[in-house]
Number of protein chains: 2
Amino acid sequence: MSRKNTQTRTRILTAAWHLLETDGTVRMSDIAKQAGISRQALYLHFPSRAELLIATTRYLDEVKHVDERLTANRAARSGREKLSLFVEVWGNYIPEIHGVARALMAMQDSDEEARNAWADRMHAVREGCEAAVDRIEADGLLAPGLDRKTASDLIWTLLSVRNWEQLRLGCGWSQEAYIAQMKRLAELTVIAPDR
Amino acid sequence: MSRKNTQTRTRILTAAWHLLETDGTVRMSDIAKQAGISRQALYLHFPSRAELLIATTRYLDEVKHVDERLTANRAARSGREKLSLFVEVWGNYIPEIHGVARALMAMQDSDEEARNAWADRMHAVREGCEAAVDRIEADGLLAPGLDRKTASDLIWTLLSVRNWEQLRLGCGWSQEAYIAQMKRLAELTVIAPDR
DNA sequence: AAGTCAACTTGACACGGCGTCAAGTTTTTC
DNA sequence: GAAAAACTTGACGCCGTGTCAAGTTGACTT
């Protein structure tokens, strides 16, 4: 791997992280200043703004142990429980990565790498949705008229960062309200109604 | 009013519209070329890119008669029917404005005017949601545990342009499938279940 | 103690888009 | 046929990203 200077690298990444968390628009020069190095030195560690942001998300994922969190619902005893746990875990993860996510989403139009990186992250989320849906189908509880793909698409869309933004930031919801409603909607969406 | 030259103005607006419809990234120079005038002449009609895009959405709204369409569900006999009609009308309007919407959403971070203009458009949609929700409550069918605000927030979020993008473009859904599922979800979300 | 190498600094510059300005030309209007 | 409006051309400033060249600094050899 031979990283230039691991210390500086992580200083940059945490600088980017914290800035993105609070501030809307973050320039390379801002990150450099916060990390205590020159703007040009950033390019000794990352080839472009896009790659720096991508590295920041990976860094966050690592520090915050996303993967473990997202698969923490392995032990769920039912599809319903698995879905509920997944909504809770992912829904509560969103606010922690929202700053970086925002920045990465913003450059999707202009930067192919950013697009791929984000698509990749979202793919991991999608797999969580699929796992829950598969289990629900195995339980024989998949809502009539839905196939697995459609059901996963719906849950995945429901749990998008944009929707979180709109409800929490746009509509002023509390995080608890968000989680509660998402659980309710997710169940309503893919689980066959009692009768 | 005293518009410089109305002909040129609408040439610009239709040029912007058509470009945005097909192409992802559209520069001022592209619009000028398409309209058959010089780039600088655009600024004789619109003070900035943001205002040009805003004017383009207004132009589209006018040409396509959004307002009439969005209120076409006045005659609905029940809240349920009103909601269904609203989902159908708005959901089928999204693809027609998607190009411009995309561009306007993209500059939300950088431009306050664009932000306000978009918020304003979305406010109109929200009113449609509220009207349906109010009617549903009047019918005594609002799902237990939901207040009007929460219900409207949910429907409004469900019907966001971003969600349409994700399902139609990201997941490859047909427009019909999109409409059908949105109707189903909207009802499930806010209407009390049969018993 | 001299030498080397990696990490970093400073200052300059190109590029792409937006927006502006000044000076000229064409078209309309009266 | 003169004045006013609409538009053109060419140049320029601003901003942020990314690049380049020529230093400086400190640590590690030998």
Any donor-acceptor N/O pair, B:His65 side chain to B:Val63 backbone, under 3.5 Å: yes
Where at least one partner belongs to residues 39-61 of chain B, residue pairs that pass salt bridge (Lys or Arg N to Asp or Glu O under 4.0 Å), sequence neighbours excluded: B:Asp61-B:Arg121
Is B:Lys183 salt-bridged to B:Glu88, going by a charged N under 4.0 Å from an acidic O? yes
For A:Arg11 and C:dA7, give me the distance from atom CZ to atom C1', rounded to whole Å. 12 Å
Under 4.0 Å from OP1 or OP2 of C:dA7: is there any side-chain N or O of A:Thr8 that close? no
In B/S/- notation (B base, S sugar-phosphate only, - none; protein heavy atoms under 4.0 Å), nucleotides 8-22 of chain D written 5' to 3' is SBBB----SBBBB--
Any sub-3.5 Å donor-acceptor pair from B:Asp147's side-chain atoms to B:Thr150's backbone N or O? yes
If you count every heavy atom of other residues, nucleotides or ligands that lies below 6.0 Å from B:Lys33 atom NZ, does the total exceed 12? no
How many whole angstroms separate atom CD1 of B:Ile12 from atom P of D:dC7? 7 Å
Closer than 4.0 Å, any side-chain N/O of A:His45 to the OP1 or OP2 of C:dA7? no
For atom CZ of B:Arg11, decide whether the heavy atoms of other residues, nucleotides or ligands shown that lie under 6.0 angstrom number more than 12. yes
